[in-house]
Amino acid sequence: MTIAVVHHPLYVAPAPARSQYQWNKNGLVRDQLRDLGDALEWHEPEPMPREWIETVHDPDYVAQVIEARLPREKERRIGFPVTAAVAARAMAVPGGTYLAAKLAQQRGFAANTAGGSHHALADTGAGYCIFNDLAIAAHRLASEGERVLIVDCDVHQGDGTASLMAGRLDVATYSIHADKNFPVRKARSTLDVPLDDGTDDAGYMAALTTTLPRLADEFAPTIILYQAGVDPWAGDRLGRLALSHEGLVMRDRWIAMLARSRGLPLASALGGGYGADAMEVSGRHVASILALGGA
């Protein structure tokens, strides 16, 4: 089976000064996937049109990003300066998540090699996130008649996504995360599953498999957007959970099985993953995409 992968050259932006984010991660994910040859089918997205970004984010904030003139306090909250190259990347990523969703409608599954920017709020970014690609793509899909379930398995709660999609009847949000991790103040998702520090493979899968199917039954989505963060791994620099590499793969295969068993298109965004060894981090993301795609 060939896996549809979405990538844009703008994803690999030069690292801004004073940035702690691992900017080479997206390029390394691309390179490791390319080594697999014909097992993958590559697609390049169009940047998300500004008017769709402004349906989710405040137009003044969108202008600040596009024109690379964010106030210092917002750059501090994001975690790095927003240069022209970073702004162009921020426009491309939501287009990639949306394209992955459209491909998933045709193919069953597609992966974006960036995205999962779930901390971005209406008028500011936060936690390495500028524009919330999950919320933007979900809103656009919902405008096309879809019922969108956003499943967030990052170790950090998807607070921005929950806030931006709150009160909607056509989008539901699910977040399973480390309870004591960032952000300190949690938003309210449609369903939150907070986990204790050190939760292992068995505890994680027990929580996931007993809560997500119930929400899927109640909400009856027509498509799933999946924030496939690999930071629940025990060795992650910013994680507080204790999943093994095998546990991450088990999680992703179960998510893929849930989608297939219900006939739901599944589109993944990269999500979080942190560590000193960039190759190791990107390897976790590659394993996630392959597990989701059935490889």
Side-chain angles (χ1 to χ4, degrees), residues 1-12 25-27 29-30 32-34 36 39-49 52-53 56 89-118 120 129-154 158 161 165 171-174 221-230 252-253 255-256 258-260 262-273 282 285-295:
M1 175 177 146
T2 305
I3 301 173
V5 175
V6 176
H7 182 82
H8 197 289
L10 289 173
Y11 291 176
V12 188
K25 179 170 79 168
N26 300 103
V29 169
R30 172 204 61 199
Q32 291 186 44
L33 288 171
R34 278 183 176 167
L36 299 173
L40 304 177
E41 181 181 284
W42 292 88
H43 300 264
E44 184 172 313
E46 296 288 333
M48 182 64 75
W52 284 109
I53 297 175
V56 168
R89 181 184 187 273
M91 298 284 286
V93 171
T97 298
Y98 175 72
L99 177 57
K102 300 307 288 182
L103 289 166
Q105 288 174 331
Q106 304 165 18
R107 307 279 297 273
F109 170 69
N112 191 12
T113 61
S117 300
H118 60 168
C129 304
I130 299 175
F131 294 144
N132 194 312
D133 59 293
L134 296 161
I136 296 165
H139 175 78
R140 188 169 179 180
L141 291 163
S143 74
E144 297 168 358
E146 302 294 334
R147 291 178 60 78
V148 186
L149 174 57
I150 302 174
V151 175
D152 192 328
C153 288
D154 197 277
T161 312
M165 298 290 100
V171 180
T173 54
Y174 172 93
T222 60
I223 189 169
I224 295 175
L225 298 184
Y226 178 40
Q227 209 277 20
V230 293
D252 290 333
R253 286 180 175 162
I255 293 285
L258 175 76
R260 281 196 308 271
R262 294 166 182 263
L264 297 175
L266 174 67
S268 70
L270 210 65
S282 58
H285 287 297
V286 168
S288 172
I289 291 171
L290 296 179
L292 289 164

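Side-chain atoms are counted along with the backbone in the values below, which use heavy atoms only and exclude waters and symmetry mates.
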Residues A90 and F131: closest non-hydrogen pair is O-CD1, 3.4 Å

Under a 3.5 Å distance rule, please check whether T222 uses its side chain to pair with a backbone N or O of R147 as donor and acceptor.
yes

Checking side-chain contact (heavy atoms from CB on, under 4.5 Å) for the pair H43/K102: CA distance, chi angles, key distance, verdict?
CA-CA 11 Å; H43 300 264; K102 300 307 288 182; over 6 Å; no

Nearest-0.5 Å distance that lies between atom CG in L290 and atom CG in L36:
5.5 Å

Minimal heavy-atom distance between Y98 and L141, with the atoms involved, is CE1-CD2, 4.0 Å

Quick one: does D154's side chain have a donor or acceptor within less than 3.5 Å of a partner on G272's backbone?
yes

Ring-plane angle category for H7 and Y11, please: parallel below 30°, perpendicular beyond 60°, tilted otherwise.
perpendicular

Between V93, V286, L33, which is the residue that forms a side chain to side chain contact (heavy atoms under 4.5 Å, CB included) with T113?
L33

P45 and A92 have their tightest heavy-atom pair at CG-O, 4.4 Å

Supply the atom-to-atom distance T173 OG1 to M165 CE, rounded to the nearest 0.5 angstrom.
9.0 Å

Interatomic distance, CG@L103 vs CD1@I3, rounded to 0.5 Å, equals 13.0 Å

Short side-chain to backbone donor-acceptor contact, Q227 and G116, under 3.5 Å:
yes

Would you check if L270 and I289 make a side-chain contact, meaning some heavy-atom pair closer than 4.5 Å?
yes

Do other residues, nucleotides or ligands put more than 12 heavy atoms under 6.0 Å from E46 CD?
no

Can any side-chain N or O of R107 pair as donor or acceptor with the backbone N or O of T2 at less than 3.5 Å?
yes

Which heavy atom in W52 sits nearest to a heavy atom in I136, and how many Å separate them?
O-CG2, 3.9 Å

Minimum side-chain heavy-atom gap R34-W42 below 4.5 Å:
yes

Testing the basics here: between D133 and P94, what is the closest heavy-atom pair and its distance to 0.1 Å?
CB-CA, 3.5 Å

Is there a donor-acceptor pair under 3.5 Å between the side chain of N26 and the backbone N or O of V12?
no

Going by side-chain hydrogen bond (donor to acceptor under 3.5 Å, both in side chains), name the residues that satisfy it together with S268, two or more places apart in sequence or in a different chain.
none

Can you see which heavy atom on V56 is nearest to which on A135, and at what distance?
CG2-O, 3.8 Å

Measuring from atom CG of L266 to atom CD1 of I224, what distance do you get when rounded to the nearest 0.5 angstrom?
6.0 Å

One should read off an interatomic distance between Y174 OH and I150 CD1, to the nearest 0.5 angstrom, of 14.0 Å

Gap between atom CG of L134 and atom CG of L225 - 0.5 Å precision
6.5 Å

